[in-house]
Chemist: 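Below: one structure in structure tokens.
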2 protein chains.
Amino acid sequence: MSTPPTSTTRPRLTIDDVAREAGVSKATVSRVLNGRGALMSPELAARVREAIDRLGYAPSPMAQALKRGRSRLIGLVVADVANPFSVAVLQGAEKACREAGYMLMLFNLGGDEAREREAIAALASYQVEGFILHTLGRDRQVLHDALERGKPIVLVDRALDAPLDLVGLDNAQAVPLALDHLLQQGWNDLLFVTEPMQGASSREERHAAFNAFVQTHAGQCRGRTAECAVHDDAALDQALRALRAEAGTRRPAVLAVNAPVGLRVAAAARRLGLTLGLELGLVSFDETDWAPLVGPGITTLAQPTDEIGRQAARCLVERLEGQPGEPRRFRLPARLVVRGSSQPG
Amino acid sequence: MSTPPTSTTRPRLTIDDVAREAGVSKATVSRVLNGRGALMSPELAARVREAIDRLGYAPSPMAQALKRGRSRLIGLVVADVANPFSVAVLQGAEKACREAGYMLMLFNLGGDEAREREAIAALASYQVEGFILHTLGRDRQVLHDALERGKPIVLVDRALDAPLDLVGLDNAQAVPLALDHLLQQGWNDLLFVTEPMQGASSREERHAAFNAFVQTHAGQCRGRTAECAVHDDAALDQALRALRAEAGTRRPAVLAVNAPVGLRVAAAARRLGLTLGLELGLVSFDETDWAPLVGPGITTLAQPTDEIGRQAARCLVERLEGQPGEPRRFRLPARLVVRGSSQPG
DNA sequence: CTGTTAGCGCATTCAG
DNA sequence: CTGAATGCGCTAACAG
């Protein structure tokens, strides 16, 4: 109703417009905008504020960024938005960033880790102030550069040997949680199924914790690992078949390294005619909407994904605001959600 | 290895640095950068290009944006990243944008449509050049403003009465595809389950198509609709119970408006002890990873999500590059993926 | 063909 | 306490 839908592109409202409207100088407007309004006559400040409201003025983040070298932008690089874990983290991070007054720029690797360098470069060129990285960090040089340019980095889920802040799951707590449960339920021939490690520390940590557990419980169970590439269903079938064949009187169960793998294991079990919870036990990392409904329900290790995202964002924002100190590592606990896939009967 | 990890924040590399390095003026560098290098002596251009490479210089999009009023940024507002459809579209759009040289700024409503205005305002203030909106568009004023400022908008999935570009599913094709199949399989007591419409045109279109189908097939089937709020499982149970109770000799089946609803229906069926594909038919919009594994497998109407996202991005980019003309509507076809939930036996 | 100049919108000195 | 002037990094007229 206010303005008719002219097709003339209305030029951007600038600080000059406000200054003119309020009958003051740009500097004064700028001061009001930046909270230094307390240092001037209250009436003037009020007049300026009014003009701002009347015009509906908002400063251009671009210009601000250019001037002060701070863009209030955070770059988020995600390994694969198709992965529910990534999405959940993204969700928490986006919210926390926004609450802290930052906007998120997203770059999705789509599973192609080779594009990581491109991602960081693109984001950096947009002057993001810092990075949240859910990715492999293969390209050390890029990280190095970013750091050198004073751009803090927070890693999510996957550690690097670099001295960086990290927030992720407490895998050393999570794995025994799952395996103790499996053992208690009588599953004693354990198979850890993972995608190729490729330097993903979370996978490696889970694997290590798995091996450690198996070793300390050598009397009660046996444990092996199967590494199956993303589309190699044949390999997975083969691994499960072998597990069954060599089980003897033992009862075979799988620990899946993440949700996509958990789903693939469920699919493989179906293909091979193995009933989950009966002929094959299964616990999978990552709680999902569908976990209760696949087969007899999949028992999961629920990650506090939202909290991980928020924590990552908080940590980064603290760094951006000058928090110094050694790299910090936040390890959040997993929660076991028991369902039919790990309970015979 | 190259540079030691100094903690001195190295200042940003500017066009002046390159100019100095190459012994030319900024303008010359700028020309090379903007493809106008053909108009000058080849050696000079080469020298500049070399300096650029040597220094690893990349222009600041911020400064460019400020200067030319074009940010090469596209704003994407998503209703809820927890919805697989949203994610899939996001994926396609992000890719297409990047290929066209744009970056995506993401704003997730997290199901809170009230924040839409905030989203658009925030994005607009960052000088995004256009919007891809997967949301309700309740706040007409905001859209109006955006358009007036010359920022094109492409709607995804949900139309508005406003004259805007739209890309979404061909619901008029999709619904009969599903219902014909259900009828053929002998399901003749049809229930359309949806979340509250709330002005979401895709839901309304699906509902309308459902009603139209039922009317033209009045002799062969009966059809009703249940509207169940997101967390109101009781209402859903009630609707399914009623469907069963009043079915008589008819065979009851559900058409779920989207993947989350489909999943909820599957959960409800389990709670009520109804076997999918036997006592209850089910077809759900949206193909997902888990559809094959829930119950006997859920029959789905697969949306070409990636293509929807790409198309939206393409359409927007065309507008940004000056393509004039009437609002365009792209309606992409769905594909029926038949599984156990719709096939007795 | 190339260099000089003037802003884009803003925050921040520095004078007054 | 306030205004005028300067420059962030870049592009696009202008000159030469």
Side-chain angles (χ1 to χ4, degrees), chain A residues 9-49 51-52 55-73 124-129 149-150, chain B residues 9-49 51-52 55-73 124-129 149-150:
Chain A
T9 300
R10 180 178 59 188
R12 195 181 207 295
L13 217 50
T14 82
I15 199 171
D16 282 301
D17 299 319
V18 180
R20 205 172 313 119
E21 175 85 9
V24 298
S25 77
K26 316 192 310 180
T28 304
V29 179
S30 176
R31 288 192 186 100
V32 177
L33 250 30
N34 297 320
R36 244 151 314 184
L39 310 174
M40 56 180 144
S41 65
E43 315 89 63
L44 230 196
R47 194 144 51 98
V48 171
R49 249 183 283 274
I52 291 176
L55 264 38
Y57 166 78
S60 152
M62 291 285 179
Q64 292 185 135
L66 196 60
K67 184 66 200 167
R68 37 188 186 205
R70 302 200 49 194
S71 62
R72 303 210 69 86
L73 241 32
S125 84
Y126 273 95
Q127 304 284 89
V128 299
E129 295 182 33
R149 288 196 196 158
Chain B
T9 300
R10 180 180 58 189
R12 194 180 208 293
L13 216 52
T14 82
I15 200 172
D16 284 299
D17 298 320
V18 180
R20 205 172 311 120
E21 175 85 7
V24 299
S25 77
K26 313 193 313 180
T28 304
V29 179
S30 177
R31 287 191 188 103
V32 180
L33 250 28
N34 298 321
R36 245 150 314 182
L39 311 173
M40 57 180 141
S41 66
E43 314 88 65
L44 229 196
R47 193 143 52 98
V48 170
R49 249 183 282 273
I52 291 176
L55 264 37
Y57 166 79
S60 153
M62 290 287 180
Q64 293 186 135
L66 196 60
K67 183 64 203 172
R68 37 187 186 202
R70 302 201 49 193
S71 61
R72 303 210 68 89
L73 241 33
S125 85
Y126 272 95
Q127 304 285 89
V128 299
E129 295 182 34
R149 288 195 198 160

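So you know, we letter chains A, B, ... as the sequences are listed, proteins then strands, and number each from 1.
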Chemist: Under 4.0 Å, heavy atoms only, any strand: does A:D16 hit a base, just the sugar-phosphate, or nothing?
Modeler: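 Since no nucleic acid heavy atom lies under 4.0 Å of A:D16, the category is nothing.
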Chemist: Whole-Å distance between C:dC8 P and B:Q127 CD?
Modeler: 14 Å
Chemist: Could you state the NZ-P distance from A:K26 to D:dA4, rounded to the nearest angstrom?
Modeler: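 Atom NZ in A:K26 sits about 10 Å away from atom P in D:dA4.
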Chemist: Starting from P on C:dC8, measure out to CD1 on B:I15 and report it in whole angstrom.
Modeler: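 It works out to 19 Å between those atoms.
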Chemist: Apply the side-chain hydrogen bond (donor to acceptor under 3.5 Å, both in side chains) test between B:R70 and each candidate in B:E129, B:Q64, B:Q127; give the one that qualifies.
Modeler: B:E129
Chemist: Does a nitrogen or oxygen in the side chain of A:Q64 sit under 4.0 Å from OP1 or OP2 of C:dA11?
Modeler: yes
Chemist: Hey, does A:N34 have a side-chain heavy atom less than 4.5 Å from the side chain of A:R68?
Modeler: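 Yes, their side chains come closer than 4.5 Å.
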Chemist: Report yes if at least one side-chain N or O of A:T28 is closer than 4.0 Å to OP1 or OP2 of D:dT2; otherwise report no.
Modeler: no
Chemist: Can you tell me if B:S60 touches the phosphate of D:dC8, counting only side-chain N or O atoms and a distance under 4.0 Å to OP1 or OP2?
Modeler: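 False: B:S60 side-chain N/O out of range (4.0 Å or more) of D:dC8 OP1/OP2.
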Chemist: The test is side-chain contact (heavy atoms from CB on, under 4.5 Å); show your working for A:R20 and A:D16 and say whether it passes.
Modeler: CA-CA 6 Å; A:R20 205 172 313 119; A:D16 282 301; 3.9 Å; yes
Chemist: Quick one: is B:T14 getting a side-chain N or O under 4.0 Å of the D:dC8 phosphate, OP1 or OP2?
Modeler: no
Chemist: Write down the distance between CD (A:E43) and P (D:dT2), rounded to a whole number of angstrom.
Modeler: 8 Å
Chemist: Would you tell me if any nitrogen or oxygen in the side chain of A:S30 comes within less than 4.0 Å of OP1 or OP2 on C:dA11?
Modeler: yes
Chemist: Does A:Y126 make a side-chain N or O approach to OP1 or OP2 of D:dG9 shorter than 4.0 Å?
Modeler: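 No, outside the criterion.
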Chemist: Could you check how far CZ of A:R47 sits from P of D:dC1, rounded to whole Å?
Modeler: 16 Å
Chemist: Are side-chain heavy atoms of B:S71 and A:M62 found at a separation under 4.5 Å?
Modeler: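 In contact.
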Chemist: Using whole Å, report how far CZ of B:R68 lies from P of C:dG9.
Modeler: 15 Å
Chemist: Rounded to the nearest angstrom, tell me the gap between atom CZ in B:R31 and atom P in D:dC14.
Modeler: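 Answer to the nearest Å: 14 Å.
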Chemist: Among B:L33, B:T28, B:V29, which residue meets the side-chain contact (heavy atoms from CB on, under 4.5 Å) test with B:V18?
Modeler: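 Only match with B:V18 under side-chain contact (heavy atoms from CB on, under 4.5 Å): B:V29.
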Chemist: I'd like to know if A:K67 reaches the base of C:dG9 with its side chain such that a donor and an acceptor end up less than 3.5 angstrom apart.
Modeler: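 Check fails, no donor-acceptor contact within cut-off.
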Chemist: Compare the minimum distances between each of D:dG9, C:dT2, D:dC10 and the side chain of A:L66, then state the nucleotide with the smallest one.
Modeler: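 In terms of side-chain proximity for A:L66, the closest of D:dG9, C:dT2, D:dC10 is D:dG9.
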Chemist: Rounded to the Å, how far apart are B:M62 CE and C:dG9 P?
Modeler: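 To the nearest whole Å, that distance equals 16 Å.
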